There are 2 protein chains.
Amino acid sequence: MPRTADRQHTGRQRNEEARRAILDAAVHQFAERPAAEVTVATIAAEAGVGRQTIYRWWPTKFAILLEAMTELGRAVVAVPDSGSLAADLEAFVTATFSAVKEPTISLLRVVMGEAQRDPQVHRLMVEFTGRRRAVLREVLERAEARGEPLGPGGADLLVDQVFGVLWYRILLGNGPLTPSAARELAEALLAQTRALPWPASERTPRPGKC
Amino acid sequence: MPRTADRQHTGRQRNEEARRAILDAAVHQFAERPAAEVTVATIAAEAGVGRQTIYRWWPTKFAILLEAMTELGRAVVAVPDSGSLAADLEAFVTATFSAVKEPTISLLRVVMGEAQRDPQVHRLMVEFTGRRRAVLREVLERAEARGEPLGPGGADLLVDQVFGVLWYRILLGNGPLTPSAARELAEALLAQTRALPWPASERTPRPGKC
DNA sequence: AATTTGTCGAGACTTGATGTCTCGATAAAT
DNA sequence: ATTTATCGAGACATCAAGTCTCGACAAATT
């Protein structure tokens with residue numbers, strides 16, 4: 001009863017060029033057209049591959065998109081660690097906001113929309129967003145370990161506030177996603193962590209910035 | 001060239017029982033099953049009507065759901081006005097959170113998901129959420145007019161923080177929507193408003209601010 | 001009462017996307 | 001040289017959306 005790890009992979013190996021072409025075609029089409037007009041057939045045609053080559057590796061067209069977005073997301077994975085919560089939080093929020101623009105924002109909307117339709121895509125989406133959540137959580141918990149307070153809700157609430165505002169603006173388009181909007185959010189959340197439980201006659205001065 | 005208003009409706013009239021049965025069946029199915037498993041055929045079967053009866057009155061199954069939710073949404077929540085931002089904000093957030101539970105939460109997820117796919121549904125969704133935004137904005141601006149500060153981001157950011165956290169948790173299910181979670185969020189946002197803005201000299205003061 | 005008009009439930013039908021299966025060709029490990 | 005798994009390609013079944021038609025039925029009109 002040989003386990004799969006007992007022998008090497010034999011036979012023809014996976015074509016990396018085809019994989020890249022499929023990912024690129026999916027990103028291109030989901031960014032340009034309404035999601036309803038993107039089909040496995042159109043992606044296969046643009047990538048110059050057979051449909052079966054797609055079905056062999058991805059269960060749905062949205063799984064292709066999620067894999068592509070995961071690769072694109074590796075660029076912003078850097079964890080800020082300057083020793084100060086103020087600087088780290090602003091760096092994280094600014095970097096995250098600046099990464100969310102066309103064409104990425106269209107892709108995010110498509111995937112989040114589909115996640116509400118398909119439980120499997122929803123699970124993939126929880127995992128996808130969880131990676132960014134983990135980065136922010138690390139920043140917050142490191143600050144807490146240093147002795148910096150996180151305010152009434154702790155790290156859990158702060159994480160949901162950052163990504164809540166971000167996703168809310170992505171999905172409904174009601175508010176800005178500019179760098180200044182990012183700074184504004186970071187500043188507001190920092191104020192939240194620093195505020196005293198009652199109107200303060202004295203406040204702690206902000207470290208390192210004015 | 002007779003206008004439509006020139007004569008009365010002749011012929012058999014629309015069956016109100018069928019309309020109600022269709023709306024109820026749509027709500028029931030969208031609340032119970034994944035949206036992908038809900039079809040016009042299943043709604044028609046549960047309602048005991050022909051498919052053509054549905055297509056005659058609604059363009060898509062989501063139009064049925066939107067009409068049903070519009071009827072459900074007629075319960076207008078009163079605008080809290082106690083004279084204190086702390087009490088009003090907690091009342092609003094608690095009431096809003098407590099209204100978002102099964103089966104409503106499933107319907108909200110379905111409609112928000114479809115809004116990312118259909119621009120027309122998206123517009124309706126912006127309008128739908130805008131009504132609740134307006135209530136919170138009124139609470140915040142009244143507090144500001146009283147002289148209570150709203151913190152670095154002002155009313156715009158606070159509104160997005162409340163509904164951002166709410167929708168983020170609805171869509172991804174990562175955090176709680178309990179009454180205690182609502183109180184926690186309200187408390188955190190209040191802490192944020194109590195922080196003093198330090199570069200106050202560079203800022204144009206808002207009217208009514210201390 | 002008879003006629004006209006529009007809705008009713010039901011089913012046949014077209015269209016298009018999904019997903020499976022098979023085929024011969026090809027490339028890598030044995 | 002053989003084995004094994006991928007490749008592009010196409011046939012095929014399945015399913016939901018949407019259109020069209022049918023006889024039955026109900027309300028307004030004549």
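All values derive from a computational prediction rather than experimental measurement. In what follows, every chain begins at residue 1, and chains take the letters A, B, ... in the order their sequences are listed.
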- [ ] Specify the residues of residues 46-71 of chain B, ordered by number, for which at least one heavy atom lies under 4.0 angstrom from an atom of DNA chain D.
- [x]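 Within residues 46-71 of chain B, the residues near DNA chain D are B/Arg51, B/Gln52, B/Tyr55, B/Pro59, B/Lys61.
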
Open item on the list: Which residues in residues 14-45 of chain A have a heavy atom closer than 4.0 Å to any atom of DNA chain D?
Closed with: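 Those residues whose heavy atoms fall under 4.0 Å from DNA chain D, taken from residues 14-45 of chain A in numerical order, are A/Arg14, A/Asn15.
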
Could you go through residues 106-114 of chain A and list every donor-acceptor pair under 3.5 Å that involves a side-chain atom there, pairing it with any protein atom two or more places apart or in another chain?
{"residue": "A/Ser106", "atom": "OG", "partner": "A/Glu102", "partner atom": "OE1", "Å": "2.8"}
{"residue": "A/Ser106", "atom": "OG", "partner": "A/Glu102", "partner atom": "OE2", "Å": "3.2"}
{"residue": "A/Arg109", "atom": "NE", "partner": "B/Gln116", "partner atom": "OE1", "Å": "2.7"}
{"residue": "A/Arg109", "atom": "NH2", "partner": "B/Gln116", "partner atom": "OE1", "Å": "3.2"}

Acceptor/donor pairs from residues 51-60 of chain A side chains to any protein atom, 3.5 angstrom cut, sequence neighbours excluded:
{"residue": "A/Trp58", "atom": "NE1", "partner": "A/Glu67", "partner atom": "OE1", "Å": "2.7"}
{"residue": "A/Thr60", "atom": "OG1", "partner": "A/Phe62", "partner atom": "N", "Å": "3.3"}
{"residue": "A/Thr60", "atom": "OG1", "partner": "A/Ala63", "partner atom": "N", "Å": "3.2"}

Tell me whether [X] is salt-bridged to [Y], with the criterion being a basic N under 4.0 Å from an acidic carboxylate O.
{"X": "B/Glu127", "Y": "B/Arg123", "result": "no"}
{"X": "B/Arg20", "Y": "B/Glu17", "result": "no"}
{"X": "B/Arg133", "Y": "B/Glu138", "result": "no"}

Open item on the list: With no hydrogens and no angle check, just 3.5 Å: does a side-chain donor-acceptor pair link A/Ser84 and A/Arg146?
Closed with: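 No, A/Arg146 and A/Ser84 have no side-chain donor paired with an acceptor closer than 3.5 Å.
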
Task: Trace of the salt bridge (charged side-chain N to carboxylate O under 4.0 Å, His left out) decision for B/Glu144 with B/Arg137 - done: CA-CA 10 Å; B/Glu144 194 171 34; B/Arg137 171 174 296 277; over 6 Å; no

Task: Residue pair A/Val49 / A/Asn15, side-chain heavy-atom distance below 4.5 Å - done: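 A/Val49 vs A/Asn15: side chains apart.
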
Every protein N/O lying under 3.5 Å from an N/O of nucleotides 23-26 of chain C:
{"residue": "C/dT26", "atom": "O2", "partner": "A/Arg12", "partner atom": "NH1", "Å": "3.3"}

Task: Polar side-chain atom of B/Thr94 near backbone of B/Ala91 as donor-acceptor pair, under 3.5 Å - done: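 No: the side chain of B/Thr94 does not pair with the backbone of B/Ala91.
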
Atom pairs and distances, side-chain donor-acceptor, residues 32-40 of chain A, under 3.5 Å, sequence neighbours left out:
{"residue": "A/Thr39", "atom": "OG1", "partner": "A/Ala41", "partner atom": "N", "Å": "3.2"}
{"residue": "A/Thr39", "atom": "OG1", "partner": "A/Thr42", "partner atom": "N", "Å": "3.1"}

